[in-house]
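Read through the structure below, which is laid out as structure tokens, and then see the notes.
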Amino acid sequence: MQKIGVNTASRPSSVFCGGGAAEEAARFLAGKDVFLLTDNNVYSLYKELIEEKFGGARVFAVPAGERHKNRHTLFQILDGMLEAKLNRNSWLAALGGGVIGDMGGLAAALYMRGIRAVQIPTTLLAQVDSSVGGKTAIDYRGVKNVIGAFYQPEYVFCDPLFLRTLPRRELRCGLGEIVKTCALDQAILEKTEAMAGRLFGLAFQEEITADCVRFKARIVEEDECERSGRRKCLNMGHTTGHALELSYGRRSHGEYVLIGMAFEIAIALEEGILSAEYAARLRALIGKVIGKTPRFAGIEEAALAALYDKKNSGKGEISLIVPEAPGRYRELVLPIEKYVRYLSRFNGGIA
Ligand SMILES: NC(=O)c1ccc[n+]([C@@H]2O[C@H](COP(=O)([O-])OP(=O)(O)OC[C@H]3O[C@@H](n4cnc5c(N)ncnc54)[C@H](O)[C@@H]3O)[C@@H](O)[C@H]2O)c1
Ligand SMILES: [Zn+2]
């Protein structure tokens, strides 16, 4: 098990990664006043583990899934916290995927102006990405994550034991963020390439989680609240990915991130930003997770939805974070019309 510090200005936190992390969480929470938030799926899969390790906690399970990441569920959670008579010394433990982590973190930030929180992420996506960095949120009026706060957990416990029950779709979701990180960090790229035939296996996932956490921790330390632009690199693949996700929405988030990356790599290649050889390396990893990039009907309209992406500040222009060389990336700003033309040109034609 590894312990990784996240030294953000608002509050330093520690992330435990590896076998034994759930046990570490159990030891840490024993004897404390704990409100354990989870979702129905996770609860039915891990009821016995929860009782065995967190028997002293008040367990509160909410319906699973992104469509419940809303104000109704948030206020159900806050009601539950109030009824459990939590006080300023109580702890909230969010045991679940990114939805539970984001909502639990927000509830912890709001209740009595903030009680302490720990994250026990149970999906690959939550372990390598969402549980670290302190972004918490709910969706509101159709806008994703529009109501939220930056609120760091005190501890995060990433235990691979939870990953065994994850369906392939959810694994792909986490792998999407891992391959994104490959395009940002050379060591993670090389390690992933060396294990490229085993991305869906637990050994790789266990091995790479701590590396991804360490990478994200360094970025978040430099730009906790996404002000300096440093944190922007984590959005690689997301601008195009989000636009397609909004319009087509059948695949998982991670798949759209990879499809978005495939398009953005093709654009960067065309713009002379990266070499054909490096593009091929990244495409090979993308292919291992999602196979061939599909063709989308009406991609121009879908891309125009990207105009409304909250991360695009300028008018008539779109900003992409694109890979340059292993461990190097840069911002590419394109006029919308040019961007849309690129998308239709590469639609269905990327290996
Ligand atoms: N805070 C951040 O920085 C950040 C970053 C990326 C994503 N997110 C958010 O994370 C959310 C997505 O997270 P997610 O992909 O973990 O989704 P999720 O929490 O909805 O979990 C996906 C599904 O897997 C189930 N599940 C969870 N753990 C399981 C396990 N061990 N075995 C079997 N099934 C399990 C859940 O019940 C759910 O049905 C989105 O809302 C997104 O906005 C936040
Ligand atoms: Zn993402």
Side-chain angles (χ1 to χ4, degrees), residues 6 22 37-47 49-50 61-70 73-74 94-106 109 117 119-140 143-153 156 158-181 184 202 205 212-213 216-217 219-220 224-226 231 233-242 244-245 251-261 309-311 321:
V6 190
L37 176 69
T38 188
D39 73 32
N40 286 336
N41 283 344
V42 177
Y43 189 60
S44 60
L45 285 166
Y46 292 100
K47 194 170 187 292
L49 178 145
I50 290 173
V62 297
E66 183 74 28
R67 70 193 176 88
H68 296 289
K69 189 179 164 182
N70 57 30
T73 316
L74 176 69
L95 189 147
V99 167
I100 288 302
D102 278 16
M103 274 198 301
L106 184 57
Q119 297 274 347
I120 310 171
T122 62
T123 62
L124 184 59
L125 176 122
Q127 296 200 0
V128 298
D129 188 356
S130 67
S131 65
V132 177
K135 278 191 180 178
T136 74
I138 54 166
D139 306 334
Y140 183 58
V143 188
K144 236 178 106 85
N145 297 330
V146 70
I147 295 186
F150 286 97
Y151 192 71
Q152 301 293 341
V156 182
C158 300
D159 198 316
L161 85 84
F162 294 108
L163 306 180
R164 276 182 247 269
T165 50
L166 274 184
R168 218 171 155 84
R169 176 187 164 96
E170 300 308 333
L171 287 177
R172 245 185 250 120
C173 225
L175 289 170
E177 305 293 347
I178 293 171
V179 170
K180 172 197 79 180
T181 312
L184 302 169
L202 198 57
Q205 292 155 15
C212 290
V213 166
K216 187 164 178 188
I219 302 276
V220 168
E224 184 179 3
C225 299
E226 214 166 305
R231 205 167 165 157
C233 69
L234 301 174
N235 293 329
M236 182 179 286
H238 281 67
T239 301
T240 307
H242 270 153
L244 299 173
E245 190 174 1
R251 297 154 199 276
S252 71
H253 169 75
E255 274 182 89
Y256 282 112
V257 169
L258 290 179
I259 294 167
M261 265 183 75
D309 187 309
K310 60 180 188 272
K311 282 143 200 142
I321 304 293

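All values below were derived from every heavy atom in this structure, side-chain atoms included, with hydrogens, water molecules and symmetry-related copies excluded. Start at 1 and go down the list; that is how both ligands and their atoms are numbered.
Within Glu177, the N, O or S atom at minimum distance from the Zn ion (ligand 2) carries the name OE2. Residue His253 approaches the Zn ion (ligand 2) most closely through its N/O/S atom NE2.
Considering only non-hydrogen atoms, atom 18 (P) of ligand 1 lies nearest to Val99 out of Leu95, Val128, Val99. Looking at Thr122, Val42, Leu125, it is Leu125 that brings a heavy atom closest to atom 12 (C) of ligand 1. Looking at Leu106, Asp159, Thr123 and measuring to atom 21 (O) of ligand 1, the nearest heavy atom belongs to Thr123. Remark: among candidates Lys144, Arg164, His253, the nearest residue to atom 42 (C) of ligand 1 is Lys144, based on non-hydrogen atoms.
Within the model, atoms CD of Gln205 and SG of Cys212 stand 11.0 Å from one another, a figure rounded to the nearest 0.5 Å. Note that CZ of Phe162 is 10.5 Å distant from CG of Leu45, once rounded to the nearest 0.5 Å. Atom CG of Leu258 is separated from atom CD of Glu177 by 8.0 Å, given to the nearest 0.5 angstrom. Between the CG atom in Leu124 and the CD1 atom in Ile178 there is a gap of 4.0 Å [rounded to 0.5 Å].
Under 3.5 Å, the side chains of Tyr46 and Thr165 contain a donor-acceptor pair of N or O atoms. A side-chain donor from one of Glu224 and Gln152 sits under 3.5 Å from a side-chain acceptor of the other.
Nearest to atom 17 (O) of ligand 1 among the protein's heavy atoms is Gly98 N, 4.0 Å. When hydrogens are left out, the protein atom nearest atom 29 (C) of ligand 1 is Leu166 CD2, 3.6 Å; that is the closest non-hydrogen contact. Of the protein's heavy atoms, Lys216 NZ, 3.5 Å lies nearest to atom 3 (O) of ligand 1. The single protein non-hydrogen atom nearest to atom 30 (C) of ligand 1 is Thr165 OG1, 3.5 Å, given as residue, atom name and distance. Taking atom 22 (C) of ligand 1 as the reference point, the nearest protein heavy-atom neighbour is Glu170 OE1, 3.4 Å. Of all protein heavy atoms, the one lying nearest to atom 9 (C) of ligand 1 is Asp102 OD2, 3.5 Å. Of all protein heavy atoms, the one lying nearest to atom 25 (C) of ligand 1 is Asn41 ND2, 4.2 Å. With hydrogens left out, the protein atom closest to atom 40 (C) of ligand 1 is Glu66 OE1, 3.1 Å, a heavy atom.
At a threshold of 4.5 Å between non-hydrogen side-chain atoms, the residues Leu234 and Lys180 count as touching. Looking only at side-chain heavy atoms (C-beta outward), Asp102 and Lys135 stay at 4.5 Å or farther from each other. Side-chain contact between Thr122 and Ile100 is absent, with no heavy atoms from C-beta onward closer than 4.5 Å. Counting only heavy atoms from C-beta outward, the side chains of Asp129 and Lys216 approach each other to under 4.5 Å. At least one side-chain heavy atom of Lys69 sits under 4.5 Å from a side-chain heavy atom of Asn145. Counting heavy atoms from C-beta outward, Cys173 and Thr123 have side chains that stay 4.5 Å or more apart. Here the side chains of Asp39 and Val99 are not in contact, with every heavy-atom distance at 4.5 Å or above.
Within the 4.0 Å heavy-atom criterion, the part of Asn145 lying near ligand 1 is the side chain and not the backbone. Residue-level proximity to ligand 1 for Val132 is absent, since no heavy atom of it falls below 4.0 angstrom. The side chain of Lys69, and not its backbone, has at least one atom closer than 4.0 Å to an atom of ligand 1 (non-hydrogen atoms only; side chain from C-beta on). Counting heavy atoms under 4.0 Å from ligand 1, residue Leu45 touches it through the side chain alone. Using a 4.0 Å cut-off between heavy atoms, Ser130 contacts ligand 1 through both its backbone and its side chain.
Below 4.0 Å from some heavy atom of Asp39 lie the following atoms of ligand 1, by number and element: 36 (C), 37 (O). Interface atoms of ligand 1 facing Phe162, defined by a heavy-atom separation under 4.0 Å, are 30 (C), 31 (N). Under a 4.0 Å criterion applied to the non-hydrogen atoms of Ala64, ligand 1 contributes the atoms 37 (O). Less than 4.0 angstrom separates some heavy atom of Gly97 from each of these atoms of ligand 1: 16 (O), 19 (O). Of all atoms in ligand 1, listed by their number and element, those nearer than 4.0 Å to a heavy atom of Tyr46 are 31 (N).
Aromatic ring pairs are classed by plane angle as parallel below 30°, tilted from 30° to 60° and perpendicular above 60°; the pair His242 and His253 is tilted.
If you run side chain to side chain contact (heavy atoms under 4.5 Å, CB included) between Ile120 and each of Val156, Leu95, Thr38, only Leu95 comes through.
Considering backbone and side-chain atoms alike, Arg231 places every N or O at 3.5 Å or more from each N or O of ligand 1.
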